[in-house]
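Just so we're clear, the structure is a prediction, and the values are computed from it rather than from any experiment.
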Amino acid sequence: LTGCPSSDKITVPVLLQPDQSITVEEYRNILSQEHLLIDVRQSHQFQICSLPRAQNIPLHQLEKNIETLKQQLQEDTKPIYVMCRRGIDSQKAVLLLSKHGISAKNIIGGLTQWAVSIDPSFPIY
């Protein structure tokens, strides 16, 4: 339509230090352990598909939910992992959480990588 070649290849910028991210394979290995998974996609995207136990806090609402999140973590300290569709917004969320003193790890490649590497039947939109 535009005269440009189509491409499904998205270049995901690396915004974090290596120790601030894990792979989808590493995340799969901790699924049975106690943790908090924050999915920062829009709520309508979250309704289409999500991983079990994911808590939806859209990126644009994350900062106004920081105090609630801090209170939740005081009551029950556990590792935090952040996911989105491709791994870009989740990196931004990890940076934002870090700015507020909350340690979290990005899941590299997000749900798209989960579908490719872990569960090919996982619905991707």
*Asks:* Mind checking what makes side-chain hydrogen bond (donor to acceptor under 3.5 Å, both in side chains) contact with T68, not counting sequence neighbours?
*Replies:*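 Residues passing side-chain hydrogen bond (donor to acceptor under 3.5 Å, both in side chains) with T68: none at all.
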
*Asks:* What residues form a side-chain hydrogen bond (donor to acceptor under 3.5 Å, both in side chains) with T23, not counting sequence neighbours?
*Replies:*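 In terms of side-chain hydrogen bond (donor to acceptor under 3.5 Å, both in side chains), with neighbours along the sequence ignored, T23 is linked to E25, E26.
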
*Asks:* Might you point out which heavy atoms bring Q91 and G87 nearest each other, and give the distance in Å?
*Replies:*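 Heavy atoms only, the tightest pair is NE2-O, 2.9 Å.
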
*Asks:* Hydrophobic cluster membership, with links at side-chain heavy-atom distances under 4.5 Å among I/L/V/M/F/W/Y: are I80 and L95 in one?
*Replies:*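 They do share one cluster, since a chain of ILVMFWY contacts under 4.5 Å joins I80 to L95.
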
*Asks:* S43 and P58: which non-hydrogen atoms are nearest, and at how many Å?
*Replies:*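 Closest approach of S43 to P58: N-CG, 4.1 Å.
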
*Asks:* Do the side chain of N56 and the main chain of D39 share a donor and acceptor less than 3.5 angstrom apart?
*Replies:*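 The answer is yes, because a donor-acceptor pair under 3.5 Å joins these two groups.
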
*Asks:* Under the side-chain hydrogen bond (donor to acceptor under 3.5 Å, both in side chains) rule, collect the residues that match up with S50, sequence neighbours excluded.
*Replies:*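 Counting only residues at least two positions away or on another chain, S50 forms no side-chain hydrogen bond (donor to acceptor under 3.5 Å, both in side chains).
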
*Asks:* State which residues pass side-chain hydrogen bond (donor to acceptor under 3.5 Å, both in side chains) with D119; sequence neighbours excluded, sorted by chain then number.
*Replies:*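 Applying side-chain hydrogen bond (donor to acceptor under 3.5 Å, both in side chains) to D119 gives S121.
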
*Asks:* What closest approach, in Å, do S21 and L16 show between heavy atoms, and which atom pair accounts for it?
*Replies:*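 Result for this residue pair: OG-CD1, 3.6 Å.
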
*Asks:* Can I57 be reached from F46 by stepping across I, L, V, M, F, W or Y side chains whose heavy atoms are under 4.5 Å apart?
*Replies:*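 Different clusters.
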
*Asks:* I need the single residue from K78, Q74, Q72 that forms a side-chain hydrogen bond (donor to acceptor under 3.5 Å, both in side chains) with D76. Which is it?
*Replies:*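 The single option meeting the side-chain hydrogen bond (donor to acceptor under 3.5 Å, both in side chains) with D76 is K78.
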
*Asks:* Taking the side chain as everything from C-beta on, heavy atoms only, tell me whether R41 gets closer than 4.5 Å to D89.
*Replies:*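 The answer is no, as the side chains (C-beta and beyond) never meet within the 4.5 Å cut-off.
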
*Asks:* Decide if atom CD of E34 counts as having more than 12 heavy atoms of other residues, nucleotides or ligands within a radius under 6.0 Å.
*Replies:*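 Check passes, neighbour count above 12.
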
*Asks:* Of all heavy-atom pairs between A104 and V94, which one has the smallest distance, and what is that distance?
*Replies:*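 Closest approach of A104 to V94, heavy atoms only: O-CG1, 3.5 Å.
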
*Asks:* Using a 4.5 Å cut-off on heavy atoms from C-beta on, say whether the side chain of H35 contacts that of K105.
*Replies:*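 Heavy-atom side-chain distance check fails, nothing below 4.5 Å.
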
*Asks:* Any non-hydrogen side-chain atom of N106 less than 4.5 Å from a side-chain atom of L15?
*Replies:*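 Side chain of N106 against side chain of L15, heavy atoms only: no contact under 4.5 Å found.
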
*Asks:* To the nearest 0.5 angstrom, please state how far the OG atom of S98 sits from the CD atom of Q20.
*Replies:*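 So the gap between those two atoms works out to 6.0 Å.
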
*Asks:* Go through the steps for Q113 and I108 under the test side chain to side chain contact (heavy atoms under 4.5 Å, CB included), then give the verdict.
*Replies:* CA-CA 8 Å; Q113 191 61 44; I108 298 168; 6.0 Å; no

*Asks:* Show which residues join Y27 in its hydrophobic cluster (side-chain heavy-atom contacts under 4.5 Å, direct or indirect), or state none.
*Replies:*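 Result for Y27 is I22, V24, I30, L31, L37, L51, Y81, M83, I107, L111, W114, I118, F122, I124.
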
*Asks:* Under 3.5 Å, which donor-acceptor pairs link side chains of residues 59-66 to any protein atom two or more places apart or in another chain?
*Replies:*
unit_1	atom_1	unit_2	atom_2	d
H60	ND1	Q42	NE2	3.4
E63	OE2	H100	NE2	2.9
N65	ND2	Q61	O	2.7

*Asks:* For P123 and C49, work out which heavy atoms get closest and say how close.
*Replies:*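 So the minimum-distance heavy-atom pair works out to O-SG, 3.2 Å.
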
*Asks:* If you group Ile, Leu, Val, Met, Phe, Trp and Tyr by side-chain heavy-atom gaps below 4.5 Å, do L73 and I38 land in one group?
*Replies:*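 Looking at the clustering, I38 is in the same group as L73.
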
*Asks:* What closest approach, in Å, do V40 and A93 show between heavy atoms, and which atom pair accounts for it?
*Replies:*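 Heavy atoms only, the tightest pair is CG1-CB, 3.8 Å.
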
